[in-house]
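Keep in mind that what you see is a predicted model, and the values were worked out from it rather than measured. All heavy atoms count here, side chains included; hydrogens, waters and symmetry mates do not.
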Amino acid sequence: QVQLVESGGGLVQAGGSLNLSCAASGRTFSSYTMGWFRQAAGKEREFVAAISRGGVGTYYGDSVKGRFTISRDNAKSTVYLQMNSLKPEDTALYYCAASGTLGLSSRVTSYDEWGQGTQVTVLS
């Protein structure tokens, strides 16, 4: 198992930026595909981005493509989500997740371990 702790959320004006971090502990971080999801109040959990074990492959949800960047540092057991040009509709609780399966997936069910989430609120 791997334990995940997100940080970096907060309150930001529309057009601003935030950089989320997710620190992992436990099993070897580099053996996991990592993903970011978000869930707005009253809505289903939505895929944001995923990154392959080595960090070469990335995959983004359509709503964040071109604005968000996922990256990872396996030496630090940390995955990041750089969020630029934020919009009020980006407001949500952001979760990082770890998947033991090979390949990038946008499905919630592909991910085995989840963090507790960090809140991002974008003001208009």
Is [X] reaching over with its side chain to a backbone N or O of [Y], donor-acceptor style, under 3.5 angstrom?
X	Y	result
Arg53	Gly103	no
Glu6	Gln116	yes
Tyr60	Arg67	no
Asp90	Thr121	no
Thr28	Ser30	no

Indicate, with yes or no, if [Y] and [X] share a hydrophobic cluster defined by side-chain heavy-atom contacts under 4.5 Å among Ile, Leu, Val, Met, Phe, Trp and Tyr.
X	Y	value
Tyr94	Ile51	yes
Val12	Leu20	yes
Val122	Tyr95	no
Leu86	Ile70	yes

Residue pairs meeting ring pair (Phe, Tyr, Trp, His ring centres under 6.0 Å), one or both in residues 24-54, sequence neighbours left out, come to Phe37-Phe47, Phe37-Tyr111, Phe37-Trp114, Phe47-Tyr59

Applying ring pair (Phe, Tyr, Trp, His ring centres under 6.0 Å) as the test, list every pair that has at least one member in residues 66-88; sequence neighbours left out. none

How long is the straight-line distance from [atom2] of [Y] back to [atom1] of [X], given to the nearest 0.5 Å?
X	Y	atom1	atom2	value
Ser17	Met83	OG	CE	8.5 Å
Leu4	Met34	CG	CE	5.0 Å
Arg72	Ser77	CZ	OG	9.0 Å
Lys43	Arg38	NZ	CZ	9.0 Å

Among residues two or more places apart or on two chains, list those pairs meeting disulfide (SG to SG under 2.5 Å) that have a residue in residues 3-65. Cys22-Cys96

When you look at Leu81 and Thr69, which way does the side-chain contact (heavy atoms from CB on, under 4.5 Å) test go after all the steps? CA-CA 6 Å; Leu81 185 69; Thr69 303; over 6 Å; no

Please determine, by modelled atom types, if Ser63 and Glu46 share a side-chain donor-acceptor pair under 3.5 angstrom. yes

When you compare the side chains of Thr33 and Ser99, does any donor N or O come within less than 3.5 Å of an acceptor on the partner? no

Minimum heavy-atom separation for Pro88 and Ser124, please, with both atom names. CG-CB, 3.7 Å

Nearest non-hydrogen partners of Ser110 and Thr101, listed with the distance: O-OG1, 4.1 Å

List the steps, then state whether side-chain contact (heavy atoms from CB on, under 4.5 Å) holds for Leu104 with Ser52. CA-CA 6 Å; Leu104 302 172; Ser52 63; 4.2 Å; yes

side-chain hydrogen bond (donor to acceptor under 3.5 Å, both in side chains), that's the test. Do Asp73 and Thr78 meet it? Break it down for me. CA-CA 5 Å; Asp73 185 338; Thr78 302; over 6 Å; no

The single option from Arg45, Gln39, Glu44 passing side-chain contact (heavy atoms from CB on, under 4.5 Å) against Val108: Arg45

